[in-house]
Number of protein chains: 2
Amino acid sequence: MTEITSDLYRVKDKLYAAADCIIFGFESGRIKLLLFRRRVEPLKGEWSLIGSFVRLEEDVSEAAKRVLKEITGLENVYMEQLKAYGKADRDPGFRCLSIAQYALIRINEYDEELVEKHGAHWFDIDEVPDLVLDHNQMVADALECLKQKARYQPIGFELLPEKFTIPQLQQLYEAIYQRELDSRNFRKKLLSLKVLIKLDEKDKSGSKRGAFLYKFDHENYQKLLKSGYNFEIA
Amino acid sequence: MTEITSDLYRVKDKLYAAADCIIFGFESGRIKLLLFRRRVEPLKGEWSLIGSFVRLEEDVSEAAKRVLKEITGLENVYMEQLKAYGKADRDPGFRCLSIAQYALIRINEYDEELVEKHGAHWFDIDEVPDLVLDHNQMVADALECLKQKARYQPIGFELLPEKFTIPQLQQLYEAIYQRELDSRNFRKKLLSLKVLIKLDEKDKSGSKRGAFLYKFDHENYQKLLKSGYNFEIA
DNA sequence: TATAATAAATGTAATAAATACGTTCATTCA
DNA sequence: TGAATGAACGTATTTATTACATTTATTATA
């Protein structure tokens, strides 16, 4: 439970719902998490997921999108519900259940100014500080979910720039699975899925030779999905 | 949103949470769903999932367990959260979000009298009638979830009696995946997982020769899980 | 009491997928 | 021009999946 606009009066005999966002990014080989300092009592000033109360007239998923846009400036972001957290005592203030949702964002695209203005900060996934309430649990669950999901759905691409190299993609999967992958087998496997479009450009930031850039072939992915294709990766 | 004890007065400017249960069973080769007739207006008398409002002092998961016990008499049942349904307009009466949870029960163990008393009824999964609100969507989502989950976790056993035969198990997986499996390969695969204990008894209901009964080896399953074993089935 | 009927149980060969592993290539910088 | 760096690539081995046909234990009945 986290409130960004603290203009609401809370009472004890009502039930509230919060939308909390686990915002993942990926940069220099590491998975990142966007956190911010809680604005409201209790626990004001503590690190927290980004969230908001769900308004009475608003869809739960909209609440999450609203707060995501508020903080990062981003719209049309990949977002999935993780699960609802409904322990009666999870928030000491009043009864509030939280629907946690995770977002995968391209870390090169977010609005840096806006993030800073909100006191938000990117943490390396294995340097996440103590968070308010059950937010650490949410992060752990979301990470597990990401791990599972990445194996069967090509969601990794949501965390990379539109154009990426195969070594970058491999780094990402290594970060997600937390183990090293063989570069020859990885390349072979990925290319065999037929969802990468090779571009004529190279990215030379990683080596002198430079690596070819690719983009994800959404169209063919959809086609293959419908034909019952298995997208197991690594 | 479904209410069993209709003794609560609902207002428009509050948010409510319901716990709705998708209760799966398995009998004579078919997946079954337990439904009942809604007790409260609006839509009184319509087929509905079994559910209840979440009480202010109660965990969401407890609410689901409470109503499950109320209807089936069963406790300690396999139950998992599916997801929260949070569309603002999902319930025409007032703002109510639902945390859907699915349960896998051994259809031979439930309390028949109790179920009848509550006007509940087992439906074949592909003969589910029109349900109130978004309950049909919940059923579809739960079924999809079951399908996915059954491939990587041995949850199928929760739907069978403690003692079962390999042909029964195969029938179950065939019902879940909705395709036929080769009996030789299925048996080989299952036995290779080392989580079945062969008993000396036979079940003769299915054939003259009779098929050996097995039970699930929870202990070894836990051991193998910890060692990072892959439980992919079929 | 022999025979027919039924589903259970079993093995092997062929194919496909995953893994392990070393060398050459393109480019930049000194 | 040559030393250094990561990118790109192929093959052999192992492992897993698939396809497929016969025998067995038992009961019911002729």
Side-chain angles (χ1 to χ4, degrees), chain A residues 28-29 150-152 154 160-161 163-215 224 227-234, chain B residues 28-30 150-152 154 160-161 163-175 177-215 224 227-234:
Chain A
S28 26
R151 280 186 66 180
Y152 306 106
L160 292 174
K163 298 174 183 181
F164 53 84
T165 67
I166 290 188
Q168 278 167 13
L169 191 59
Q170 181 177 341
Q171 275 197 323
L172 170 59
Y173 276 95
E174 288 180 330
I176 294 175
Y177 299 151
Q178 296 184 85
R179 65 186 176 92
E180 295 198 345
L181 301 172
D182 179 274
S183 66
R184 287 155 292 188
N185 295 337
F186 182 80
R187 181 183 295 267
K188 207 188 314 175
K189 177 80 198 199
L190 258 293
L191 292 174
S192 79
L193 294 179
K194 308 276 181 216
V195 290
L196 295 187
I197 299 171
K198 188 174 184 173
L199 305 176
D200 279 335
E201 302 167 70
K202 278 186 166 184
D203 169 72
K204 298 211 167 167
S205 65
S207 73
K208 288 161 183 170
R209 181 179 176 179
F212 278 102
L213 286 162
Y214 289 79
K215 51 181 194 177
L224 291 170
S227 71
Y229 208 74
N230 180 17
F231 277 96
E232 196 162 338
I233 295 167
Chain B
S28 24
R30 305 198 150 270
R151 281 186 65 177
Y152 305 106
L160 291 174
K163 298 174 182 180
F164 53 85
T165 68
I166 291 188
Q168 276 167 14
L169 191 59
Q170 181 177 342
Q171 274 197 323
L172 171 59
Y173 276 95
E174 289 180 331
Y177 299 151
Q178 296 185 81
R179 65 188 175 92
E180 294 199 346
L181 301 171
D182 179 275
S183 65
R184 288 157 291 190
N185 294 338
F186 181 81
R187 180 182 295 267
K188 205 188 319 172
K189 177 81 200 201
L190 258 291
L191 292 174
S192 78
L193 295 179
K194 308 275 182 216
V195 291
L196 295 186
I197 298 172
K198 189 175 184 172
L199 305 175
D200 279 335
E201 302 165 69
K202 278 186 166 185
D203 170 72
K204 298 209 167 167
S205 65
S207 74
K208 289 162 183 174
R209 180 179 178 178
F212 278 102
L213 287 162
Y214 288 78
K215 51 181 192 177
L224 292 169
S227 71
Y229 209 74
N230 181 16
F231 277 95
E232 195 161 335
I233 294 167

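Here the structure is a predicted model, which means the values were calculated and not measured. First the proteins, then the strands, lettered A, B, ... as listed; each starts at 1.
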Output the rounded distance in Å from [atom1] ([X]) to [atom2] ([N]).
X	N	atom1	atom2	value
B:R179	D:dT18	CZ	C1'	11 Å
A:K189	C:dA16	NZ	P	15 Å
B:R187	C:dG11	CZ	P	11 Å
B:D203	D:dA25	CG	P	18 Å
B:F212	C:dA7	CZ	C1'	14 Å
B:F186	C:dG11	CZ	C1'	19 Å
B:L190	C:dT10	CG	P	13 Å
A:L169	D:dA7	CG	C1'	15 Å

Could you walk me through whether B:Y214 and B:L190 satisfy the side-chain contact (heavy atoms from CB on, under 4.5 Å) test, starting with their C-alpha distance in whole Å, then the side-chain angles of each, then the deciding distance to 0.1 Å, before giving a yes or no? CA-CA 11 Å; B:Y214 288 78; B:L190 258 291; over 6 Å; no

Which atom pair, heavy atoms only, marks the closest approach of [X] to [Y]?
X	Y	value
A:S192	A:Y229	O-OH, 3.5 Å
A:N230	A:L193	O-CD2, 4.3 Å
B:L199	B:K163	CD1-CG, 3.7 Å
B:I166	B:F186	O-CE2, 4.0 Å

The contact string for nucleotides 20-30 of chain C, one letter per nucleotide 5' to 3', using protein heavy atoms under 4.0 Å with B, S and - for base, sugar-phosphate only and none, comes out as BBB--BBBB--

Within the side chain of B:Q171, is there an N or O that forms a donor-acceptor pair under 3.5 Å with the backbone of B:S28?
no

